[in-house]
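Quantities reported herein were computed from a predicted structural model and do not represent experimental measurements.
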Amino acid sequence: MIRLFDSVDGKVRDLTLREPGHVSMYVCGPTVDNLPHLGHGRFTLVWDVARRWFTFRGLDVTYVSNITDIDDKIIARSLEEDRSTGEVVATYEAQWWEAMDRLGVARPDEAPHATDYVPEMIELISEFLENDIAYVISDGVYFDVSRVPDYGLLAGQPLESLRAGARVEASDEKRSPLDFALWKNAKPGEPSWPAPFGDGRPGWHTECVVMSLGLLGEGFDLHCGGLDLKFPHHENERAQAVAAGRVFSVHWDHNGWVMVGKEKMSKSLGNFTSLTHLAETSDPRAYRLLVLRSHYRSPIGVTPATIADAERALARLDALARRFKLPALAGDTLEVATNYRWVGDAEALFDEVGEALDNDLDTPLAVALLFDALAAANSAADVGDLSYAKQQAVAINALFGALGLSLHSKEDRVDAISADLVTRRDQARAEKDWAEADRLRNELVTLGWVVEDSSTGTLIRRP
RNA sequence: GGCGGCGUGGCCGAGUGGUUAGGCAGGGGCCUGCAAAGCCCCGUACUCCGGUUCGAAUCCGGACGCCGCCUCCA
């Protein structure tokens, strides 16, 4: 049984499923108004890992994650870049998927776009207006949060204390500063859709309710996203579902921030590093390993230093893959445990790692166990127990694959000149001509190779 | 003001009331012609002050410091 933290009560509990054997999860996706940043990377990695693990365990996962393609920021961006919102969206959505591919984040089963659900949103808003749950003011339609008795459930505070601390000015026409826009009236030149309550565009909080319920149905299992979405975004989504008399997600969970120094990385602070930049300057797997090494709800610092640290750790994993000629796993296909044979200590390792991951996705413990196993595998191989070593190595590879981390064992293509140097070096070594052997090694190093000796002679690879 | 989180060895980062987290870096050793890769050993940490306890980094209380949410944000 998989246990997961629930943001509503702050407790870890069994992930109960609507349909046994099937997990329906909705992950709030990005607004494509700019390059994806490290914070996006974290949430996509965290929930990709969750999805992969559930799948590995044999659950049938339906993973839905939206693309917000209409929003104030997108409009602002189109003015800034002097091109249509459609072009802005196309550009940044393409960047988004490219970044996801580089991180090895598997594509969602469904990636709905907000603009494809406008009619459904209009229908919902109309329903709220009819029931006096929403009201019209000069700039649009607003949701009356006082109509939801347990508003504040996710915030962990009753409506009154939320209202007391509200930073938004209550001086406008809203009944409460916490009331939020369901529909924003179009200003000249802005993209808009016709609606009975005036041409305009949907507010952010409405799209996810409509899309999640539309694609996953009532009472879907898990709704997650970054911690910053917990309130007010998720609170407001839920409020709408409740007001509409629909059963919303049963389980909520949120991942922690990416920190920049002591501050949270965020759009408003403008302190973000793009995933595009990260991919250009490091092995994208390093970020995944970094994410795996900390708990998903803890804040993590993603800096050149921590990324480099992870890259060095990765080198040890890759060395294992080379040593045992392990196939690269993960990538687009989600691994499933039943495709492997778990016997002896491999089974024990799977049990231990599985227990860790089933317990609120304790990836740091899982990674620690896998590194222990790595040492054991190398150690066994060092003393000649190759069958045990290989068995462990295969299991380690499979389990990292289950978490979406692929170990690289691929051999680099060796050009004729380098191959010749290798041959000559092996010859020199056989003749114990160390001076010549070292000279040839230096030549290979100059050509950019890492040179290692093995029982079968000189091995070269790219760093 | 309300609500929530955090403070661990050089760095990153886990953690259960009492026996090793793990990674990176560093030191020593083994292996190696020398390296590289690999293996083994080492630091004996837990903001401070009280308390509970045979025993607390881990539970309780307090202090200090930091961060976040109550606008937009993954």
Side-chain angles (χ1 to χ4, degrees), chain A residues 10 27-31 33 36-47 65 71-73 152 154-158 160-169 177-178 180 204 224-233 235 254-259 261-269 272 289-290 292-295 297-303 305-317 319-320 322-323 356 362-372 374-383 429 432-435 437-438 441 445 450-454 458-461:
Chain A
V27 180
C28 272
T31 299
D33 66 336
H37 60 70
L38 261 29
H40 295 111
R42 160 98 115 152
F43 95 78
T44 49
L45 284 168
V46 163
W47 302 113
S65 189
D71 174 83
D72 291 357
K73 285 203 174 68
L154 280 161
Q157 293 193 83
E160 275 319 303
S161 51
L162 281 168
R163 194 196 307 256
R167 285 181 280 176
V168 264
E169 276 304 314
L178 295 168
F180 56 91
W204 181 43
C224 31
L227 190 54
D228 43 0
L229 297 186
K230 189 169 147 187
F231 189 92
H233 184 55
E235 187 79 54
H254 298 88
N255 60 274
W257 317 116
V258 169
M259 306 299 286
K262 292 198 159 182
E263 284 181 318
K264 167 195 166 194
M265 175 170 291
S266 72
K267 281 187 182 174
S268 57
L269 293 172
F272 58 84
L289 184 57
L290 203 55
L292 291 172
R293 285 200 318 195
S294 61
H295 189 84
R297 280 185 280 107
S298 299
I300 52 170
V302 185
T303 65
T306 58
I307 287 288
D309 185 301
E311 280 182 315
R312 284 189 293 264
L314 221 37
R316 253 179 100 197
L317 298 177
L320 182 86
R322 278 196 307 280
R323 185 172 194 177
D362 192 348
T363 57
L365 177 56
V367 169
L369 291 166
L370 289 167
F371 268 94
D372 283 343
L374 173 145
N378 276 319
S379 195
D382 282 354
V383 299
R429 292 189 72 228
K432 297 197 192 300
D433 183 351
W434 309 127
D438 290 352
R441 175 165 62 194
V445 169
V450 172
V451 182
E452 286 177 17
D453 286 349
S454 77
T458 299
L459 290 180
I460 59 174
R461 63 182 167 87

Once hydrogens and angles are ignored, does a donor-acceptor distance under 3.5 Å link the base of rG68(B) to the side chain of Asp228(A)?
no
Between Asp372(A) (CG) and rA21(B) (C1'), how many Å, whole number?
8 Å
Picking from rC39(B), rC69(B), rA74(B), the nucleotide nearest the side-chain atoms of Phe231(A) would be rC69(B)
Is any N or O donor-acceptor pair between the side chain of Asp71(A) and the base of rC73(B) shorter than 3.5 Å?
no
Checking all strands, does Ala375(A) fall into the base, sugar-phosphate, or nothing category for heavy-atom contacts under 4.0 angstrom?
sugar-phosphate
Any N or O donor-acceptor pair under 3.5 Å from the base of rC34(B) to the side chain of Arg441(A)?
yes
Taking for Gly29(A) and for Ala310(A) the nucleotide of RNA chain B with the nearest heavy atom, the one nearer the 5' end belongs to Ala310(A)
Just compare rC39(B), rG33(B), rA74(B) and give me whichever is closest to any side-chain atom of Trp204(A).
rA74(B)
Glu311(A) has an atom CD; how far is it from atom P of rG23(B), in whole Å?
18 Å
Starting from P on rU20(B), measure out to CG on Leu369(A) and report it in whole angstrom.
15 Å
What is the separation between atom CG on Leu162(A) and atom C1' on rG1(B), rounded to the nearest whole Å?
13 Å
Which part of the nucleic acid, if any, lies within reach of Gly41(A) when heavy atoms closer than 4.0 Å are counted: base, sugar-phosphate only, or nothing?
nothing
When you check the phosphate oxygens OP1 and OP2 of rC39(B), does a side-chain N or O of Arg316(A) lie under 4.0 Å from one of them?
yes
Rounded to whole Å, how long is the line connecting atom CD of Glu235(A) with atom P of rU71(B)?
11 Å
Taking the minimum atom-to-atom distance to the side chain of Asp382(A), which one of rG38(B), rC12(B), rC72(B) wins?
rG38(B)
Closest to the Ser294(A) side chain: rA14(B), rG22(B), rC69(B)?
rA14(B)
Side chain of Pro364(A) - closest among rC24(B), rC40(B), rA14(B)
rA14(B)
Test item: Lys264(A) and Asp228(A) side chains (from C-beta on) under 4.5 Å apart, heavy atoms:
yes
What I want to check is whether an N or O donor and acceptor connect the side chain of Lys264(A) with the base of rC67(B) at under 3.5 Å.
no
For the side chain of Glu452(A) and the backbone of Leu459(A), is there at least one donor-acceptor N/O pair under 3.5 Å apart?
no
Please walk me through it: do Met265(A) and Arg42(A) pass side-chain contact (heavy atoms from CB on, under 4.5 Å)?
CA-CA 11 Å; Met265(A) 175 170 291; Arg42(A) 160 98 115 152; over 6 Å; no
Is there a side-chain polar atom (N or O) of Asn378(A) under 4.0 Å from OP1 or OP2 of rC39(B)?
yes
Should Phe371(A) be counted as stacked on rG22(B), where stacking needs a ring-centre gap under 5.5 Å and an angle between planes under 30 degrees?
no
OP1, OP2 of rA14(B) versus side-chain N and O of Ser298(A): anything below 4.0 Å?
yes
Give a yes-or-no answer on whether the side chains of Asp71(A) and Trp204(A) include a donor-acceptor pair shorter than 3.5 Å.
no
As a test of reading the structure: which of rG22(B), rG33(B), rA37(B) is closest to the side chain of Arg293(A), going by heavy atoms?
rG22(B)
Would you indicate which nucleotide in rG33(B), rA36(B), rA74(B) comes nearest to any side-chain atom of Val450(A)?
rA36(B)
Rounded to whole Å, the CG-P distance (Asp438(A) to rA36(B)) equals 12 Å
Side chain of Glu452(A): nearest nucleotide among rA36(B), rG68(B), rG23(B)?
rA36(B)
Check the distance between rC72(B)'s C1' and His40(A)'s NE2 and give it to me in whole angstrom.
12 Å
Does any non-hydrogen side-chain atom of Arg293(A) lie less than 4.5 Å from one of Asp309(A)?
yes
Name the one of Leu292(A), Leu370(A), Leu289(A) that satisfies side chain to side chain contact (heavy atoms under 4.5 Å, CB included) with Thr363(A)?
Leu292(A)
Tell me which of Thr31(A) and Ala305(A) sits closer to the 5' end of RNA chain B, going by the nucleotide each one is nearest to.
Ala305(A)
Determine whether any donor atom in the side chain of Asp453(A) lies under 3.5 Å from an acceptor atom in the base of rA35(B), or the reverse, and answer yes or no.
yes
Expressed in angstrom and rounded to an integer, what is the separation of Lys73(A) atom NZ from rA74(B) atom C1'?
12 Å
Picking from rC24(B), rG38(B), rG68(B), the nucleotide nearest the side-chain atoms of Glu263(A) would be rG68(B)
Between the side-chain atoms of Asp309(A) and the base atoms of rG23(B), is any donor-acceptor pair under 3.5 Å?
yes
